[in-house]
Each structure stands twice: as C-alpha cells, then as structure tokens.
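Only one structure is covered here, and it is reproduced in the block below.
Numbering of ligands and ligand atoms starts at 1, following listing order. Counting from 1, the numbers follow the sequence of the chain as shown. What you see below is based on every heavy atom in this structure, not just the backbone, and it leaves out hydrogens, waters and symmetry mates.
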Amino acid sequence: MEREFLCRYGVYQIYPISFCDSDGDGKGDLAGIIGKLDYLASLGIRTLWLSPIYPSPMWDMGYDIADYFNINPAFGTMADFERLMEETRKRGMRVIMDLVVNHTSDRHPWFRKALEDPNSPYRDYYIFRPGKGKDGRNPPNNWTSTFFGSAWKEVPNEKGMYYLHLYSEHQPDLNWENESVYQAVRKVVEYWMDKGVYGFRCDVISEICKESFEDGKKGSLTKPTGHEHYIATPGCHRILKRLRKEVIEPRHGVLIGECYGVERDQASAFLDEELDTLFGFEITDPGLFRKRMRPKDLKRILVSWQGLSCNGNYFENHDQHRSVGKYVQEGAFEKEGAKMLITLLCALKGVPFFFQGEEIGSKDYRSLSLKESHDVVRKFLDAFLKGYHVPKPLRDYLSRKYGRDDARAPMAFASREGHGFTKPNVQPWQKFNELSDRINVDIQEKDETSVLNYFRECLRLRQSDDALSLGDIQFLESDPEVLLFLRVSEDKKRLCVFNLSEKEKDIPKVVLENETRRILISNYWQSEKDDSLHPYECRIYKVN
Ligand code: GLC
C-alpha cells in the first residue's frame, strides 16, 4: 500500500538550508518551507523528503548529526516542526525525514563519552581498533574514506588507538554489531513517527554493517578501498528487515534506502521485506572525463535498473550536478531536454524523486570557486590531489566535477533581490546561481510553455493514471539513443517514446502501426502520426 502511494505521487526533496529563508539570516528554515506549501501543493507534491534538520555542526551540511531528537536552531524550533506537520497534514501531504545512522557527528554526546572514557559503554557504540606495526603507528587496515585519505583517525591522547570514519573524521561510524545501537536508533525512529513522520530516507544505509576488517582491494576515486567488506552485507539486510518489521510496518511507514556502492545485481535483495524503494548510483556517473552522460549509457542504465520491483528514479539530489548539462546538452534544446527528463521520471516504473528547482530546469553554477564552496568533498578532494602533485587545472576540474555544491544553490522563486529565497540585502549562506534572474518560479508561472507548467501537467498525468504509476513496463526494440516502452495495467496501455539525444530520430514504423493512439503529453507540438522525433522529444500515447 505504502509503496503504491510513493509510486503514484512521487517524492519532492527539500534541502532546507537552500529552500526558503523566513527570518532573513540567509539560511532556509522550517517556517520558510511552511510558507511554500501552497506552491508545492500546486505542483501536485504529496510527499516531502527533508534533508537533515537535526542539530549539527554542519561539517557535512547536516549529515553529521549531534542530536537525533531536536531541531537545528538555524532551521527553527520543535514548535515550527510541529506546525509543519500540521500544515502538511491539512494539505494531504506527508513528510519523510533523513535518517543518518551509519555515523554520527563527533560532537554527538555518545562519541564524546566514548572518547572521554575508554571504559564507557559508549565506546562500543563506535568502531575503535588498535593500530598495526610498532606502537600501533599504522591504521588497523588500508581502508580509505569516501571523502579521501585513510578511513581511520588516531584517537586524540590515545596513541595507537583508532576509530573508523567512512566519511570525514568528524563523522565516526556507529557499531551496528552492538544491540544498544539498534535500540537507540529504534527510539529515534519511533520518536519521529510518533510526531507524524511518514518514514525515512536512510542515508548510505548499504554500509552500516562491517563484515570484516581485513585489508581491502585497491579502490579508486569513486570506490573507496575496503568497500567490499561493508557494502550490502548479510548484517545490513538483517537489520533492515528487523527495523521494518518491528517499527515501520506496524506504523504503516516507509523506508527509502540510499544504497551507495550497491551494484545492480545486489539491489533486489533490499526490496524484499526491507526497503520500499532505493537509490542506486550507476545513474549518477557519466564517466571520469565526461560532463554529460552519453544517451546510450543513459538508456542502458535506465533499462537495467527498471528490472527492480520498485526502483527509486532520480536525476538530481543535493549530491549531484543539475540534470540539464548532465543528461541533456545545455543550449538550444535545453528546455525540451528538461521536460523530457521530467517526463521520463513520470513514465518509468518505480518511485519518481524530484529535487527542489528541478521543476524549473535549474542549472549548475557557471562558476563557483573553491573559496565560495561549502562542500567537504570538494575541499578534501582538492587537498588530496595536491598531495599527489596533480596540476591545478586538473585538480580544479576534478574537484568541481565531484564537488556537490551545484544543486545546493538557494532556490530561485523570483527575479527580485533575494530571489524570493530571502529578504533583499541579505547575503545567502551560499551565493545565488548566476542564472536566478532568468530561471525562476515567478517567470515560469507566467509562461504557459515553461518547464514549471509542464512539470505540473506531467506529474498530474502520472498521478491520475494507473498504467503510468503502477503498471508493468515492457521495453520495445529501438535505436540505442531512443527509449521505447509500454506501461500496462489491467485495462490500460501507454506507449512511451523518448529521444534521449539531441539528434533527429525515427520511431520504428511497426510501433505506430495497427493501433489507435492519442497523445496524452509531449514536450513538442505535433501530429499523432508523425514518426520522426525532434531533439529530446518525448511523447506518451494512450493506446487502444
Ligand atoms: C549521503 C548524503 C551525503 C553525505 C553522505 C554521508 O551520500 O547524501 O550528502 O555526505 O551520505 O552522510
């Protein structure tokens, strides 16, 4: 049932610091979100996922939680949160929280107590190990952090003793072998669900259980050394099944998993009695020296992940570059391209996820210097590459490519000063995108042909159509850069046609023969019979 709700209505991700600032401190907040609920309702949004809003030193922008039971004062108070719950409920909306439990912040009281007293029970909440070699001067193994460098940090004032951090040293990993950790997280989940939260997007959930601490195979920029010892382990599946059965199911909630490092053939297991849907990562990577993913790669990856019972379909989130530029070329056909990608999300099987600003076809910053960046990955990568004497232009290229600032720009609601994100004269926490004057909600509201108005129409179509939201999917033979498929429910059939490229293409004749068809939506005007496709053209047909 819950999976069906997600599939039909989709999920809209809010990155709170960049969504809407109600009090003029340059940072988005909960009251700002409340002020925009009518806008979101007008888009047809029914489920909001909030990136972390808990107290945090913000080393990793809130993915380093220092208190699981409160609200970050920069975002408001618990009373604001309760008002948000009430206002969303009134509009028939549901709220999903981010649950970050692979690690905590190093400021979390559990970790502080673990450091202060080696005999404290909190020691065993984390993963401490003695080093190797003379006086333990080397880390316990060769694992590297996803954020570069060793995954181990020597404990201050305890020579030869280390703790594990798969992310930054300010994000120590929890020890899920310890029953007390499960019980503590269970309390967190119950606490928020009792406040009316619908479920959780579980951060890097595929890595929580480390199976062994042996040295790992040598990794790469995108695959840390050691990952084979902690990705998708039997322990992880055990914990997810238990959490689902004991806490989520009785409350009719949902669990969405960020399955970092999980290969396609490992993914299905997570959807069986564990997660409602998941995010894979193959879709995020166009290749080391590519900015834009090749259409044929996009097609191959989409088709492969559609084999899952309920994939989480997404092109954007707070960790990725904007999709215009990444999956479609910027320039003459970018508006059609943005609409095509939105249509794809609305036509594929599974759960469509949208990131704030995607509905207006937002783009990456034109330039954002290292100084203007707030992202730890960008900073760490630059420092790491310096250590290998990588020339500056290549360093800049790689740190911008793997940096995660681009989609984190403050939301552009209007052209006026502050862009409707904050008050005039207020410096936003991170600079506005240079295109905010041109690409914003106000302008697009007034333009019938805008990406925004198309988004509304397309999402409504999915939500009201059983075949598109819940039907089976069948792929049809086509050009490697054209995606053709049917969505089929008991009494309905939809033919979905996507030109993933900026070239003109043909639809194979046989596909359009012998059946009556009517176009339900398209990003171009054309006759129903036309079998040639413009750049990035897409159509969804009703077929009888
Ligand atoms: C996830 C988050 C990312 C964060 C990381 C560590 O990938 O989306 O923003 O840095 O986990 O928590």
Side-chain angles (χ1 to χ4, degrees), residues 11 13-19 49-66 68 72 96-108 111 126-127 143-149 151 153 164-174 176 185 188 200-208 210 221-224 227 230-232 236 255-262 270 275 277-285 312 314-322 353-356 373-381 384 399 402-409 429-430:
V11 178
Q13 182 191 356
I14 290 186
Y15 196 62
I17 198 168
S18 283
F19 192 62
W49 147 30
L50 306 182
S51 275
I53 53 172
Y54 315 87
S56 158
M58 300 296 271
W59 243 93
D60 188 16
M61 300 309 298
Y63 285 88
D64 45 336
I65 297 174
Y68 287 100
N72 185 336
I96 289 176
M97 298 274 278
D98 222 303
L99 184 70
V100 188
V101 289
N102 174 67
H103 44 267
T104 69
S105 159
D106 60 350
R107 304 263 187 92
H108 194 289
F111 192 67
Y126 295 90
I127 300 172
W143 294 7
T144 55
S145 146
T146 311
F147 289 171
F148 315 105
K153 162 95 176 154
L164 180 72
H165 59 90
L166 292 185
Y167 292 85
S168 81
E169 63 184 66
H170 301 291
Q171 295 163 289
D173 278 50
L174 283 165
W176 278 88
V185 170
V188 173
F200 299 87
R201 174 268 189 190
C202 308
D203 190 67
V204 293
I205 201 66
S206 44
E207 328 194 306
I208 56 174
K210 287 72 180 168
L221 261 189
T222 49
K223 267 202 181 138
H227 72 279
Y230 56 78
I231 298 284
C236 177
L255 281 183
I256 298 166
E258 188 200 25
C259 287
Y260 188 61
V262 169
F270 283 93
L275 302 170
T277 185
L278 58 79
F279 304 124
F281 274 73
E282 205 180 342
I283 193 76
T284 64
D285 189 11
Y314 71 102
F315 293 121
E316 298 189 2
N317 63 37
H318 64 290
D319 293 331
Q320 303 300 330
H321 290 270
R322 289 292 186 179
F353 285 85
F354 303 98
F355 181 65
Q356 63 180 54
S373 159
H374 289 80
D375 177 31
V376 288
V377 167
R378 184 151 180 212
K379 292 177 199 292
F380 286 156
L381 182 56
F384 175 76
S399 81
Y402 291 107
R404 306 175 300 174
D405 304 285
D406 280 281
R408 297 180 181 182
W429 76 278
Q430 181 160 292

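Taking a cut-off of under 4.0 Å to the non-hydrogen atoms of Asp60, the atoms of ligand 1 that pass are 4 (C), 5 (C), 6 (C), 10 (O), 12 (O). Atoms of ligand 1 lying under 4.0 Å from at least one heavy atom of Arg404, given by number and element, are 3 (C), 4 (C), 9 (O), 10 (O). Heavy-atom contacts of Tyr167 reach the following atoms of ligand 1: 6 (C) (cutoff under 4.0 Å). Near Glu258, meaning under 4.0 Å from any of its heavy atoms, are these atoms of ligand 1: 1 (C), 7 (O), 8 (O), 11 (O). Per-residue contacts place Phe147 under 4.0 angstrom from the following atoms of ligand 1 (heavy atoms of the residue considered): 10 (O). Short contacts between ligand 1 and His103, defined as distances under 4.0 Å to a heavy atom of the residue, involve ligand atoms 6 (C), 12 (O).
Inter-residue side-chain proximity for Asp203 and Val101 is flagged as unmet; no heavy-atom pair is nearer than 4.5 Å.
Residue nearest to atom 1 (C) of ligand 1, selected from Asn102, Asp203, Ile65: Asp203 (by heavy-atom distance).
Proximity of the aromatic rings of Tyr314 and Phe355 is defined here by a centroid distance below 6.0 angstrom, and this criterion is not met. Residues His165 and Tyr126 keep their aromatic ring centres 6.0 Å or farther apart. You'll find the ring centres of His108 and Tyr68 inside the 6.0 Å limit.
Summary of contacts: the protein heavy atom closest to atom 9 (O) of ligand 1 is Asp319 OD1, 2.8 Å.
Between His103 and the choices Tyr167, Phe111, Trp59, Phe147, the ring pair (Phe, Tyr, Trp, His ring centres under 6.0 Å) rule is met once, by Tyr167. A side-chain hydrogen bond (donor to acceptor under 3.5 Å, both in side chains) with Tyr63 is found for exactly one of Ser105, Ser51, Ser56, namely Ser51.
Using 4.0 Å as the threshold, Glu207 has no heavy atom nearer than that to any atom of ligand 1. For Tyr260, the heavy-atom gap to ligand 1 stays at 4.0 angstrom or more.
A salt bridge is absent between Asp406 and Arg408: the closest approach of a Lys/Arg side-chain nitrogen to an acidic carboxylate oxygen does not fall below 4.0 angstrom.
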